[in-house]
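To start, the structure itself, in structure tokens.
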Amino acid sequence: MSDKPQYRAWFESLGDPGERYGLDEIVYTARDGELLQVVHDMEELRKTSASEWKSLFERRARKNEWPYGSGVWGKKEWVLPGIDNDNVVSMYEGHSNLFWAERYGREVGIEDLWIKLCGNAHTGSFKDLGMTVLVSQVKQMISQGRTIPAVACASTGDTSAALAAYAAAAGIPAVVFLPKGKISLAQLIQPVANGAIVFSLDTDFDGCMEIVRQVSERDGVYLANSMNSLRIEGQKTVGVEIMQQFDWEVPEWLVIPGGNLGNISALAKGFDMMLELGLIEKRPRICVGQAEAANPLYLSYLKDFEVFEPIAARTTVASAIQIGNPVSRDKAIDALRRYDGVVEQATEQEIVEACASADRTGLFNCPHTGVALVAMKKLAARGLIRPADRVVVISTAHGLKFTDFKLAYHEMRLEEIAPDHPNPPMELPARYQDVRDRMLREIDLRFRR
Ligand SMILES: *Cc1c(COP(=O)(O)O)cnc(C)c1O
């Protein structure tokens, strides 16, 4: 018996495994109102051994054989097996660098600290990993004759950038709803440049989410938010990629910032599949970092997840996680239970200082990564992360998308924050003697031992 495996995946209700839908059906929630999940036929996947999967993923990585060189599509059988390669919309996302943050790690007392730079991506955040999957599925549905007038999302900035780029690449109309004045200029210009229909609404993310739910329900536009679990399938490859990069040696800790909580769910789902298919044998622990200004998961964690109360998120520099009513909370709580999870929070002062001090060791952090760094330091202080532990911080976006807060920090313009490491440019007349004196003084000041 050497039949070629027939890989299959479908949407399934979290509460009732009997309730299933095809991935080409337009359905986001189960009859009980809860989210759906994508479930794979694990029997079929098990017909390939762990070592065969590993070498397949390895062989495909970064090569140009369409579409397998992408970090997501190199794992196509685990992600969206039913897609025609011709319908894949990919910009060879994934395979982002994972590097040893030696100097910063030494400063914080974690010698084996690694940063997974998911922001080194086409649109500058991990959102590309999920959006390539969702837009590919939409392209396939359209090619099969379905009427889908547009794909739409509410966004704190990065989802809309990814949606706009992938939809533009596929020639599919995109509509994005952004909370006015609550995203960075770089994030605003991305969907504008990519030709999306951009609405800047006088509300917050949760308010935008309400609007997009309505246009998807009433007007048939396809919903691209992470309540659409197709995105999770792409995002889960980040865990597989990290393991590939470590030669399948499992780290002790993964630390990730959380807002709508899709990404933590995805991270855990990738590890679930690797465990189930025997590619790895132990579980890492997972820590989610939240901004104190938008901390409903943290508050729930303090009560052992027995209750979950949505909050009104307050303003935070970590604008992509300024979410008070996260849609993927149930999946996230499940994930944290499976991975002996911990939730920590970070104040505004802590976030900007963590970014600034890590930037001084050569990183260039987005504020959400700053939240993760704060969470990590708190776990180390509590003794949960031990000095010899290998820790991977999931850096979710490129720092260049968030220069506004860095500039304000270094120019000492951030409200209520007195910066510890401001480094504003020095304005001097262009005269050698003046410049030289100042230069030598600064070198002495900063690098004197
Ligand atoms: C979307 C986003 C997050 C949060 O991910 P969730 O899935 O909403 O928890 C964190 N950081 C950045 C930069 C993001 O764009």
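In what follows, residues are counted from 1 in the order of the sequence shown. Read the numbers this way: they start at 1 and go in the same order the structure lists the ligands and their atoms.
The shortest N or O to N or O distance between Asp158 and ligand 1 is under 3.5 Å. Inclusion of Gly259 in the set of residues having an N or O under 3.5 Å from an N or O of ligand 1 is warranted.
Protein heavy atom at the shortest distance from atom 4 (C) of ligand 1 is Ile321 CG2, 3.5 Å. Given atom 8 (O) of ligand 1, the protein heavy atom at minimum distance is Asn260 N, 2.8 Å. Atom 12 (C) of ligand 1 has Thr396 OG1, 3.3 Å as its closest protein atom, hydrogens excluded (heavy atom only). The protein heavy atom nearest to atom 5 (O) of ligand 1 is Phe126 CZ, 3.5 Å. For atom 1 (C) of ligand 1, the closest non-hydrogen atom of the protein is Lys127 NZ, 1.4 Å.
More than 12 heavy atoms of other residues, nucleotides or ligands lie within 6.0 Å of NZ in Lys282, so this atom counts as buried by the packing criterion.
A side-chain contact (heavy atoms from CB on, under 4.5 Å) with Ile333 is found for one member of Leu297, Ile264, Leu261 and no other, namely Leu297.
Closest approach of Val89 to Trp73, counting heavy atoms only: O-NE1, 4.5 Å.
Gln187 places a side-chain N or O within 3.5 Å of a backbone atom of Ser184 that can act as its donor or acceptor partner. Checking side-chain atoms of Gln345 against main-chain N and O of Leu299 turns up no donor-acceptor pair under 3.5 Å.
Contact annotation: for Asn263 versus ligand 1, heavy atoms closer than 4.0 Å belong to both the backbone and the side chain.
Residue-ligand proximity: Ser226 is placed with every non-hydrogen atom at 4.0 Å or more from ligand 1.
Outside the 6.0 Å centre-distance limit, the rings of Tyr409 and His421 are not counted as a close aromatic pair.
Near Gly262, meaning under 4.0 Å from one of its heavy atoms, ligand 1 places the atoms 6 (P), 7 (O), 9 (O). Atoms of ligand 1 found under 4.0 Å from any heavy atom of Gly258, numbered from 1 in the order shown, are 9 (O).
A salt bridge links Asp158 with Lys401: at least one charged nitrogen is closer than 4.0 Å to a carboxylate oxygen.
Remark: Arg285 fails to qualify as a cation-pi partner of Tyr339 under the 6.0 Å distance and 45° angle criteria applied to the six-membered ring.
Looking at Leu261, Thr156, Ile264, it is Leu261 that brings a heavy atom closest to atom 6 (P) of ligand 1.
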